[in-house]
Asks: 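Got a structure here, written out as structure tokens. Questions coming.
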Amino acid sequence: MKAIDFLKKMNKYEKLEKIGEGTYGMVFKAKNRENQSIVALKKVRLDDEEEGIPSSALREICLLKELKHINIVRLLDILHSDKKLILVFEYCDQDLKKYFDSCDGMIDPNIVRSFLRQLLCGLSYCHSHHVLHRDLKPQNLLINKNGELKLADFGLARAFGIPVRCYSSEVVTLWYRPPDVLFGAKIYSTSIDMWSSGCIFAEMANAGKPLFPGSDVEDELRRIFKLLGTPTESEWPEMINLPDYKHFPNYQPIANLSYVIPNLSPKGIYLLKKFLVCNPLKRISAEQALKHGYFNE
Ligand code: Z3R
């Protein structure tokens, strides 16, 4: 798009307040001057400002406009000039992180179940379209006043990569990353989002207390293995061949996950264990998880 056309299209939106600092840039609330609708504007800042937006990234982003599902934040518009990229998204009232802060103590088990079901419905839809999220966390699960949950930033990781630090130099969290990725696995599959879903499920059931709040890669893996047990060679034969594999002591799993997540029902604990499987090939899929007995309680 030519600079003048970019400015014209930008003028369609009246910028309101800043609502967040995402991985790639700032997020603003804005009003569409043509129909008065409220949207979220995400300014993407790339490392290589000189080079402009890679055409491969733009192609990826254009495909994301086709993802249409009630549990996915709709990408409404893409504005780009040589060096700037602005993504226009459907607006939601708040993110799950802020929601945790607002309900200190406990989240109603029926709300936890409803949020997990909606998370899995959104994931199942994207995974069936071969799109991964790769960076699921409470900040990119958005909720509306009517209790709808929507996943934001789907597919952006593939288009732009996941940097070590955000544009605002905040460190990108490792808390929702599976052990295979922490050990340097480079081939990503849908299983990456299933691990993150398990971490988010446990966090919701624990009123916003993160399950594995690691401070670096080693600390993150140690926390995981101390809870679930260090994987054995028979459980996960491919582990030792991963690029950044490091040996860990042979931790034994905590006998009962209910000690750690006391507010989750026995069926919830069963389902949680199926997300938190270190071997990515043995992790449950979104489609399978939706059929679990936990959702019929
Ligand atoms: C699309 C993409 C990212 C975001 C969108 C929509 N809405 C966001 S972040 C948001 C975050 C809040 S309110 C709206 S917060 O106040 O709860 N941090």
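Only heavy atoms go into these numbers, but all of them, side chains included; no hydrogens, no water, no symmetry mates. Counting convention: from 1, in listed order, for ligands and their atoms alike.
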Asks: Under 4.0 Å between a side-chain nitrogen and a carboxylate oxygen: does that hold for Lys267 and Glu297?
Replies: no
Asks: Would you mind checking which non-hydrogen protein atom is closest to atom 4 (C) of ligand 1, with the distance to 0.1 Å?
Replies: Leu142 CD1, 3.7 Å
Asks: I'd like to check which ligand 1 atoms, numbered from 1 as shown, lie under 4.0 Å from a non-hydrogen atom of Ala40.
Replies: 1 (C), 5 (C), 6 (C)
Asks: Would Asn71 and Gln118 count as having a side-chain donor-acceptor pair, cut-off 3.5 Å?
Replies: yes
Asks: Quick one: does Gly20 get within less than 4.0 Å of ligand 1, heavy atoms only?
Replies: no
Asks: Using a strict 4.0 Å cut-off to heavy atoms of Glu90, name the atoms of ligand 1 that fall inside it.
Replies: 6 (C)
Asks: If you take the centroid of each ring, where Trp contributes its six-membered ring, are Phe115 and Phe201 closer together than 6.0 Å?
Replies: no
Asks: Please state which option from Asn140, Leu151, Asp95 has its nearest heavy atom closest to atom 18 (N) of ligand 1.
Replies: Asp95
Asks: Before accepting this row, confirm whether a basic side-chain N of the pair Arg283/Asp180 lies closer than 4.0 Å to the acidic partner's carboxylate O.
Replies: yes
Asks: Any idea which atoms of ligand 1 are less than 4.0 Å away from a heavy-atom of Cys92?
Replies: 13 (S), 14 (C)
Asks: Do the two ring centres, one from Tyr245 and one from Phe183, sit under 6.0 Å apart?
Replies: yes
Asks: Looking only at protein heavy atoms, which one is nearest to atom 13 (S) of ligand 1, and how far off is it?
Replies: Asp93 O, 3.2 Å
Asks: Could you find the nearest protein heavy atom to atom 3 (C) of ligand 1 and give me its residue, atom name and distance?
Replies: Lys42 NZ, 4.0 Å
Asks: To check your reading of the model: name the closest protein heavy atom to atom 1 (C) of ligand 1, its residue, and the distance in Å.
Replies: Phe89 CB, 3.4 Å
Asks: If you measure only the distance, is there a donor-acceptor pair under 3.5 Å linking the side chains of Ser56 and Glu60?
Replies: no
Asks: So which protein heavy atom does atom 10 (C) of ligand 1 come closest to, and at what separation?
Replies: Ile19 CD1, 3.8 Å
Asks: Taking only residues two or more places apart in sequence or in another chain, which ones pass side-chain contact (heavy atoms from CB on, under 4.5 Å) with Lys150?
Replies: Ile70, Val73, Glu90, Cys92, Asn144, Glu148
Asks: Between His127 and Asp193, is there a side-chain donor-acceptor contact under 3.5 Å, judged purely by atom types and distance?
Replies: yes
Asks: Please report which non-hydrogen protein atom sits nearest to atom 16 (O) of ligand 1, along with the residue it belongs to and the distance in Å to one decimal place.
Replies: Lys98 NZ, 3.1 Å
